[in-house]
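Here's the structure we're looking at; comments come further down.
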Amino acid sequence: MHNGEVGMVDGVASVAELGVLTASAQEWEVAVRRAEVIGRLAREPRVRVAAADEAAAELGISRRQVYGLLKRWRTGSGLASDLLPRRSSGGRGRGRLPEEVEALLVEVIRTRYLSKQRRSVTTVYKEVVRQCRIRGLPIPSRGTLERRIARLDPVAATTARQGADAARALRAAGGEPPVIEGLLEQVQIDHTVVDLEIVDERYRRPIGRPYVTVAIDVASRCVCGLVVTLEAPSALSVGLCLAHMATDKRPQLERLGVDTAWPMSGKPREIYVDNAAEFKSEALRRGCNQHGIAVAWRPPGQPHFGGIVERLIGTMMEMVHELPGTTFSNPAERGRYDSQAAAVLTLAELNTWLAVAVAVYHGQVHGTLRQTPAGRWEQGVAEGGRPATVVSETAFLVDFLPVERRVLSRTGFTLDHVQYFCAGLKPWIARRGQLGKFVLRRDPRDISRIWALDPDGVSYLEVPYRTMSRPPISLWEQRAAIAALREAGRDQVDENALFAMVEQMRRIAEDAAATTRTARRAVERRAAVPARAAAAPAMPPPADVGPVAAAAPFEVIEQW
């Protein structure tokens, strides 16, 4: 499998893991830096010697190594993991700087030199010597360290060592944002609560205001990603928005029943975000690294750097203010208008309306561009080609899901009082004594399955509930049930009690939905988790290794 695609291993669904989590921090940093330089070089049809020498100087390697990395990039998947350092097998090339030493230099510069303590080069070099001796690595010369430091970005280095004020003189006058010309060269992403009360599907009564995560391409001003949820903004919201951005939108439009075009899709080269916690998670950072997506944060205290997405959100809310049930921007503007009484749209209907509204926006002349966003997009496609899209939305999204780590037992994995098992785990169970904790990923919207990274770090295996007759539930339902059990005095929480409490809470919510807005919202959030087509009996503990049963792929849990 390549490019993180979904595949089948002995009949079980799996997703390739290409080093996103298994590489060390130092190795991953080297790979990401290489991808930036080699990826830029690979876009040229013919790489001249001068360009190869420039890349070699930038990476601190030889020209021959540059051509080797270029070959790996072009014959690989176009991902950062293609350029992870390879351990030397001996032989020729011992005179060059080993990759382990290169990774050590990068790490020491990052942790020791780029700090507010402003250590001298002499002090940093002593640390390099110390670390090399501890690890049994050859010691580079001081000149090698000085050349690496000299190639650092002056603004970034000064900011790290002396603060933003000291680096201000090195920036462009007025702190103007950089000029962006290529499609998806930079995409700005932000969240907001929608100025609209929506209703539930069953009673058509108010359940509150949803949230929207939106992504806009700076060059064309096109909306390339849009997610509406009842959950507050999180790292998952960002991952969903990126998945929506990177994949073909025609299947989504068909599900919504919208007869319009939305061709603005592809993997961005950089996302530009604010400093909220969801934009700084490890899963988001490494997922973006893996797919060659840079992450840049707005400079604190300079909101105009994110002004494009802010203006888009403002434009969207102005359009929302025309809908029945709008809350407007503030109480003064709303006046005596009863938003809850006027609300008529469900979450699905709001998604449909937004898809049409985006099409209308794309067809209107933009004041800054002096042309329509759709026209500017097609112009960009004609000039630079259509951006690359992602074939498998599932494989792409897995790289952005939250990570947990657990040991494997004879009955599978236990995660927050819920057991997971499939026949594909049997070969690992037999040698679990020699294995450490496994990397597990799960979608908070549906915890009826998890994705387990195999011990070799090659692919993810989809693992369902051990007792497959259990209903799919969301993480918020599971946590609410545990809290309820604790309040009831249950010191020991087991899986049977957990799901019994979930079922009880669901019945209470259903009974109260006719009168309580909070209960209706809870029911609507649960409706995002689809029911199983058929229940299966409880899975017994594994015995001998037998045939491996196929696992169902991820379902579309929330319509966005």
Side-chain angles (χ1 to χ4, degrees), residues 187 189 191-204 206-217 222-231 233 236-266 312-313 315-326 343-364 372-374 377 389-394 396-397 443 445-446 474 521 523-531 553-560:
V187 172
I189 303 179
H191 322 275
T192 191
V193 61
V194 181
D195 294 340
L196 183 76
E197 286 276 350
I198 61 173
V199 299
D200 67 293
E201 295 279 356
R202 179 177 178 182
Y203 297 100
R204 310 292 296 193
I207 58 173
R209 300 163 63 185
Y211 300 89
V212 63
T213 301
V214 62
I216 182 171
D217 173 43
C222 286
V223 179
C224 48
L226 184 69
V227 177
V228 183
T229 69
L230 291 174
E231 310 295 334
L236 178 64
S237 304
V238 184
L240 288 170
C241 188
L242 283 170
H244 185 227
M245 183 193 319
T247 53
D248 187 348
K249 297 178 176 61
R250 283 176 294 184
Q252 178 223 13
L253 295 174
E254 291 175 2
R255 290 196 301 269
L256 294 175
V258 177
D259 184 15
T260 187
W262 194 345
M264 297 78 181
S265 298
L312 171 66
I313 288 175
T315 300
M316 292 177 63
M317 291 307 104
E318 286 179 4
M319 299 172 73
V320 167
H321 293 169
E322 302 296 325
L323 294 174
T326 179
V344 295
L345 292 178
T346 64
L347 184 66
E349 290 165 348
L350 175 60
N351 269 295
T352 302
W353 182 88
L354 283 170
V356 175
V358 167
V360 172
Y361 163 79
H362 285 160
Q364 295 175 335
T372 65
W377 179 272
T389 57
V390 172
V391 176
S392 172
E393 179 181 328
T394 298
F396 183 83
L397 184 58
D443 189 332
R445 302 168 301 168
D446 178 5
S474 64
R521 188 179 181 96
V523 171
E524 202 69 13
R525 290 169 73 188
R526 176 163 58 83
V529 182
F554 259 87
E555 301 171 14
V556 177
I557 297 159
E558 185 167 341
Q559 201 169 39
W560 52 273

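The structure displayed is predicted, hence computed values, not measured ones.
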For side-chain contact (heavy atoms from CB on, under 4.5 Å), just list the numbers for Val214 and Ile189, CA-CA rounded to whole Å, side-chain angles, deciding distance to a tenth of an Å, and then say yes or no. CA-CA 6 Å; Val214 62; Ile189 303 179; over 6 Å; no
Begin from the C-alpha positions of Trp377 and Thr372 and carry the test side-chain contact (heavy atoms from CB on, under 4.5 Å) through to its verdict. CA-CA 9 Å; Trp377 179 272; Thr372 65; over 6 Å; no
Applying side-chain contact (heavy atoms from CB on, under 4.5 Å), run through Val227 and Tyr211 and close with a yes or a no. CA-CA 8 Å; Val227 177; Tyr211 300 89; over 6 Å; no
Quick one, Thr192 with Ile313, criterion side-chain contact (heavy atoms from CB on, under 4.5 Å). Give me CA distance, side-chain angles, the key distance, then yes/no. CA-CA 8 Å; Thr192 191; Ile313 288 175; 3.6 Å; yes
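Under the rule for a side chain to side chain donor-acceptor pair (under 3.5 Å), His362 has no partner lying at least two apart in sequence or in another chain.
What you find for Cys222 and Ala374 is that their closest heavy atoms are SG-N, 4.1 Å. Considering every non-hydrogen atom in both Glu393 and Val390, the closest pair reads N-CG1, 4.5 Å. Cys224 and Val187 make their closest contact through SG-CG1, 3.9 Å (heavy atoms, listed as atom of the first residue, atom of the second, distance). Residues Leu240 and Arg445 approach most closely at CD2-NH1, 3.5 Å, considering heavy atoms.
The side-chain heavy atoms of Ile207 and Val199, taken from C-beta on, include no pair separated by under 4.5 Å. Using a 4.5 Å heavy-atom threshold, the side chains of Thr346 and Asp200 count as separate. Side-chain contact check for Leu350 versus Pro210: some heavy-atom pair is nearer than 4.5 Å. Side-chain contact between Phe396 and Leu242 is present, with heavy atoms from C-beta onward closer than 4.5 Å. Counting heavy atoms from C-beta outward, Ile198 and Leu230 have side chains that approach closer than 4.5 Å.
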Expected list for residues 258-265: side-chain donor-acceptor pairs under 3.5 angstrom, two or more places apart:
residue	atom	partner	partner atom	Å
Trp262	NE1	Val223	O	2.8
Ser265	OG	Thr247	O	3.0
Ser265	OG	Lys249	NZ	2.9

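The OG atom of Ser474 sits 10.0 Å away from the CG atom of Asp443 when rounded to the nearest 0.5 Å. Once rounded to the nearest 0.5 Å, the distance linking CD1 of Ile216 with CE of Met316 reads 10.0 Å. Rounding to the nearest 0.5 angstrom, the gap separating the CE atom in Met319 from the NE2 atom in His321 is 12.0 Å. Separating the CE atom in Met317 from the CG atom in Leu323 is a distance of 9.5 Å, to the nearest 0.5 Å. Remark: Thr352 OG1 to Leu253 CG distance equals 9.5 Å, nearest 0.5 Å.
A donor-acceptor pair under 3.5 Å is absent between the side-chain atoms of His244 and the main chain of Gly225, judged by distance alone. A donor-acceptor pair under 3.5 Å links the side-chain atoms of Glu197 to the main chain of Gly208, judged by distance alone. The main-chain N or O of His191 is never found under 3.5 Å from a side-chain atom of Thr213 such that the two would form a donor-acceptor pair. At distances below 3.5 Å, at least one donor-acceptor pair connects side-chain atoms of Arg209 with backbone N or O atoms of Val194.
For residues 344-361, the set of pairs meeting the salt bridge (Lys or Arg N to Asp or Glu O under 4.0 Å) definition, not counting sequence neighbours, comprises Arg204-Glu349.
Applying side chain to side chain contact (heavy atoms under 4.5 Å, CB included) to Val320 and the options Leu345, Val212, Leu196, Thr315 leaves one that passes, Leu196.
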